[in-house]
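Read through the structure below, which is laid out as structure tokens, and then see the notes.
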Amino acid sequence: MKDTKTMIRFYTIADFKEEENWLRQEHRNGWRLTKMKPPCFFRFERCEPEDVIYRLDFKNSSGNSDYFQMFADYGWEYAASCLGWLYFRKPAVEVEEENEGEIFSDTATKIDMIMHIMKTRMLPCLAILLCCVVPYLCHAVEEGDAIGYVVFFSLLLIVYLYLIIYCGVKLIRIKREMETGKY
């Protein structure tokens with residue numbers, strides 16, 4: 001029987017909770033995350049089935065030794081990283097109080113992460129949309145360029161608009177829920 005597997009799973013920047021839940025379920029099924037490759041390849045190794053909590057943190061860098069030591073001091077094991085996301089895990093049996101199952105100790109820190117995601121991922125996507133995709137699409141239509149260009153830039157426009165709206169609305173909803181204590 002194979003001891004490793006690679007799975008393809010796509011999550012947006014706003015779907016980190018769903019990703020955490022999926023990784024927890026995989027670990028319960030006997031598959032521990034070992035590596036994450038962009039854009040959506042998850043590498044697992046076989047392990048004893050166990051209830052393990054996964055949490056993600058978003059940083060633009062890979063962190064430093066003090067950062068990782070802080071997590072280790074609170075019982076979190078570093079699992080992987082990918083495109084600014086850092087994956088940590090902790091056996092559920094080690095969680096005695098509800099807040100021990102979270103990597104952030106307060107709501108303000110959670111909200112800071114959401115704002116960091118919006119500033120470093122959403123704003124660049126919006127800039128690309130407004131500065132590259134829309135002008136090239138307008139130029140292609142005005143100049144009567146080949147239908148391939150028009151179709152390509154129209155599809156890019158649709159994809160960018162969908163992702164910006166979907167992620168923006170979801171991140172704003174998560175932020176509001178955190179502020180009201182419902183998240």
Side-chain angles (χ1 to χ4, degrees), residues 7-29 31-33 35-42 44 51-64 67-68 70-92 94-130 133 156-183:
M7 295 182 72
I8 297 172
R9 195 77 184 235
F10 180 76
Y11 291 99
T12 69
I13 57 175
D15 296 330
F16 58 92
K17 279 295 179 193
E18 291 85 348
E19 188 173 353
E20 291 172 347
N21 292 335
W22 176 69
L23 292 169
R24 185 175 187 171
Q25 188 58 45
E26 286 298 313
H27 210 115
R28 284 179 181 152
N29 293 333
W31 293 101
R32 173 182 30 243
L33 177 69
K35 195 172 205 174
M36 176 63 196
K37 288 281 201 176
C40 54
F41 298 97
F42 293 81
F44 294 91
D51 189 13
V52 174
I53 298 168
Y54 280 81
R55 292 291 179 253
L56 279 68
D57 189 12
F58 182 76
K59 299 274 184 210
N60 281 346
S61 64
S62 60
N64 60 38
Y67 172 81
F68 289 110
M70 177 186 66
F71 281 95
D73 290 346
Y74 287 98
W76 291 97
E77 175 189 11
Y78 170 74
S81 67
C82 183
L83 298 174
W85 288 100
L86 300 168
Y87 295 72
F88 295 92
R89 63 178 159 235
K90 181 183 209 178
E94 293 179 14
V95 176
E96 295 175 13
E97 297 178 23
E98 185 178 334
N99 67 340
E100 289 179 346
E102 297 295 329
I103 59 174
F104 299 113
S105 59
D106 61 13
T107 303
T109 310
K110 293 176 187 178
I111 292 171
D112 286 345
M113 183 186 86
I114 298 298
M115 296 308 296
H116 184 66
I117 293 169
M118 293 179 84
K119 289 176 190 171
T120 60
R121 292 291 169 94
M122 296 295 297
L123 287 179
C125 284
L126 186 59
I128 290 170
L129 174 70
L130 296 176
V133 176
L156 269 180
L157 177 67
I158 291 167
V159 168
Y160 266 90
L161 280 176
Y162 172 78
L163 286 174
I164 288 169
I165 292 169
Y166 172 81
C167 292
V169 168
K170 189 166 184 179
L171 288 170
I172 289 168
R173 191 188 87 239
I174 291 170
K175 180 180 175 277
R176 284 190 185 139
E177 288 174 358
M178 286 178 178
E179 289 170 338
T180 60
K182 296 178 182 177
Y183 191 77

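Computed from a predicted structure; not experimentally measured. Start at 1 with the first residue, then count along the sequence.
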Solution key, residues 170-180 side-chain donor-acceptor pairs under 3.5 Å, sequence neighbours excluded:
| from | atom 1 | to | atom 2 | distance (Å) |
| --- | --- | --- | --- | --- |
| Lys170 | NZ | Asp15 | OD1 | 2.7 |
| Lys170 | NZ | Glu18 | OE1 | 3.3 |
| Lys170 | NZ | Glu18 | OE2 | 2.5 |
| Arg173 | NE | Glu177 | OE2 | 3.2 |
| Lys175 | NZ | Glu179 | OE2 | 2.8 |
| Thr180 | OG1 | Arg176 | O | 3.1 |
| Thr180 | OG1 | Glu177 | O | 3.2 |

Tabulate below the donor-acceptor pairs under 3.5 Å that side-chain atoms of residues 108-120 make, not counting sequence neighbours, or state none.
| from | atom 1 | to | atom 2 | distance (Å) |
| --- | --- | --- | --- | --- |
| Thr109 | OG1 | Asp106 | OD1 | 2.3 |
| Thr120 | OG1 | His116 | O | 2.7 |

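Test Tyr87, Phe16, Trp85 against Phe58 for ring-ring contact (aromatic ring centres under 6.0 Å, His included) and you get one pass: Trp85. Among Lys37, Met36, Arg121, the single residue meeting the side chain to side chain contact (heavy atoms under 4.5 Å, CB included) criterion with Leu83 is Arg121.
The distance from atom CG of Leu56 to atom CD1 of Ile13, rounded to the nearest 0.5 Å, is 12.5 Å. Note that CD of Glu20 and CD1 of Ile53 are 10.0 Å apart. Values are rounded to the nearest 0.5 Å. How far CZ of Phe71 is from CZ of Phe88: 4.5 Å, rounded to the nearest 0.5 Å. Here the straight-line distance linking atom CZ of Phe44 with atom CG of Asn29 works out to 10.0 Å at 0.5 Å rounding. In this structure, Leu161 CG and Leu156 CG are separated by 10.5 Å, a value rounded to the nearest 0.5 Å. Between the NE2 atom in His27 and the CH2 atom in Trp22 there is a gap of 13.0 Å [rounded to 0.5 Å].
Residue Val95 comes nearest to Gly101 through the heavy atom pair CG1-N, 3.7 Å, listed as atom of the first residue, atom of the second, then distance. Across all their heavy atoms, Ile164 and Leu129 have their closest contact at CD1-CD2, 3.9 Å. Considering all non-hydrogen atoms of both residues, Pro38 and Phe41 come closest at O-CD1, 3.7 Å.
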### Task
Evaluate side-chain contact (heavy atoms from CB on, under 4.5 Å) for Asp57 paired with Tyr67, printing each intermediate quantity in order.
CA-CA 11 Å; Asp57 189 12; Tyr67 172 81; 2.4 Å; yes
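No more than 12 heavy atoms of other residues, nucleotides or ligands sit less than 6.0 Å from atom OH of Tyr74.
Every residue two or more places apart in sequence or in another chain that forms a side chain to side chain contact (heavy atoms under 4.5 Å, CB included) with Glu94 is listed here: Lys90, Pro91. In terms of the side chain to side chain contact (heavy atoms under 4.5 Å, CB included) criterion, residue partners of Asp73 (sequence neighbours excluded) are, by chain and number, Gln69. Listed by chain and residue number, nothing satisfies the side chain to side chain contact (heavy atoms under 4.5 Å, CB included) test with Ile158 (two or more places apart in sequence, or in another chain). Residues satisfying the side chain to side chain contact (heavy atoms under 4.5 Å, CB included) test with Val169, not counting sequence neighbours, are Ile165.
A donor-acceptor contact shorter than 3.5 Å is absent between the side chain of Arg89 and the backbone of Leu23.
For the pair Arg55 and Lys17, the minimum side-chain heavy-atom distance is below 4.5 Å. Side-chain atoms of Cys125 and Tyr160, non-hydrogen and from C-beta on, do get closer than 4.5 Å to each other. For the pair Leu33/Glu26, no side-chain contact is recorded, criterion being any heavy-atom separation below 4.5 Å from C-beta on.
Ring geometry for Tyr11 versus Phe42: interplanar angle over 60°, hence perpendicular rather than tilted (30 to 60°).
There is no side-chain donor-acceptor pair under 3.5 Å between Arg24 and Tyr54.
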